[in-house]
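To start, the structure under review is shown below, and the notes come after it.
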Amino acid sequence: MMHIFLNCLAANAGSGLTYVRNVVPQLATRSNLRATVCLGPQLRNELGSPANVSFIEKEIPTGAAARFCLEQLLLPRLIRESGADVLISAGNFALRKSPVPQILLSGNSLYTSPDFFSDLRERRAYRILLDTKVRGFFAHSSVRWADCTVAPSQAFAATLRAWTGGNITSIYHGFDREVFFRDSSPLPVEVQQKLDAGNNALRIIFVSHYNYYRNFETLIRAIPIIRERLNGRNVQLFLTCSLSKDEYSGPFRTEPAAALVKQLGVSNQVVELGAVPYRSLHWLLRACDIYVSPAYTETFAHPLVEAMACGLPVVASDLPVHREICGNAANYFTRFSPQMLADCVVRLEGSSALRKQLADSGLKRAQDFSWRNHVDQIVALAQRLKPSKAERDRAA
């Protein structure tokens, strides 16, 4: 029986949480596999007591540097004590001296994004710039430290190969339709009230906490253009964050985006829902007309798959990753052009046939993503790296 050690100490928001919430239940279904998962207490409380999975809870220090040092000092001993055969490092950073073969899951495109660095310089966000450069150094080194690095898309795998020259493979992240649509409880009352206030409006939705690389400002600038081209029709942009105060925004300042909303006179059109529980997200998506992703860098984008699974036509920035994930289920625009974004939305609004075509393509495309398939491929990779008994005896 193979024993996997999964380091999830970095999973504290966004795609990291989505990953752990979906992968751990899949690991639990495999009777020929044991897993030890190292994670923070808050996430541990969500996962119950799955079969064949044991947990190590550790308080996670604030800051990437502190977490990196904790992992380098603590994890080798925990891995040896667990008796694991293979380490999976799920947080972009690998152990420099892993006691067992190591698979690195790399999913942060900021370290390789010229647009992000230019954006930070323009905003004079020099502290974030320095922090990203330091993290990028360790992310680059981590590819060398790991036996194999896995990217969540072919496009990002190609970027990592060009950046590091390392051994990179691509394994898509998954989507579990049954889990995503399982919860039948309604949306929170305050969210439903905000939705109801937009009756008869064109409802545009973007699911993300606030950060710079998701390119909120281009989307906000597109709203008055869309309204003008639709002859003043009511347009509502629903955001799953707050521009006045977003606890998930970290070092990213929301004030300039909030000021832009007021400057453009679209305060009544930009509706800040705040964080929406993941279990209720399918209700929110189904209540809207178009999903938009204006991000200027990306590695996979789970919300795109979730939107497609809900039958929403998609408008996305013209990134290789977006084209790979959505295929012909989206209309694409140049990433910093609010005019072209508006063109895509207006084109969709004016053609029920195009909306249906994109929605049907999206429903079909969403079926191509499966957490079971993802875990099958990760486990197969780990099996190939697992040392034989003779190799373990020699190491001992």
Aromatic rings [X] and [Y]: how do their planes relate, parallel, tilted or perpendicular, breaks at 30° and 60°?
| X | Y | result |
| --- | --- | --- |
| Y210 | F216 | tilted |
| F336 | Y296 | tilted |
| H302 | H173 | parallel |

Modelled atom types, side-chain donor and acceptor of [X] and [Y], under 3.5 Å:
| X | Y | value |
| --- | --- | --- |
| S54 | T36 | yes |
| S185 | D183 | yes |
| D196 | Q192 | yes |
| S317 | H322 | yes |

Salt-bridge criterion met for [X] and [Y] (N-O under 4.0 Å):
| X | Y | result |
| --- | --- | --- |
| R135 | D131 | yes |
| R67 | E71 | yes |
| D318 | R323 | yes |
| R30 | D376 | yes |

Quick one: CG on N108 to CD on E298, what's the gap to the nearest 0.5 Å? 10.0 Å

Nearest 0.5 angstrom please: L160 CG to H140 NE2, how far? 9.5 Å

Heavy atoms, side chains only, cut-off 4.5 Å: are F238 and F206 in contact?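 Result no, sub-4.5 Å side-chain heavy-atom pair not found.
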
Considering only heavy atoms from C-beta outward, does the side chain of Y212 approach that of I128 to under 4.5 Å? yes

Apply ring pair (Phe, Tyr, Trp, His ring centres under 6.0 Å) to the pair Y111 and F137, showing each step before the final yes or no. CA-CA 8 Å; Y111 310 136; F137 171 81; over 10 Å; no

Would you check if the distance from the ring center of F300 to the ring center of Y19 is below 6.0 Å? no

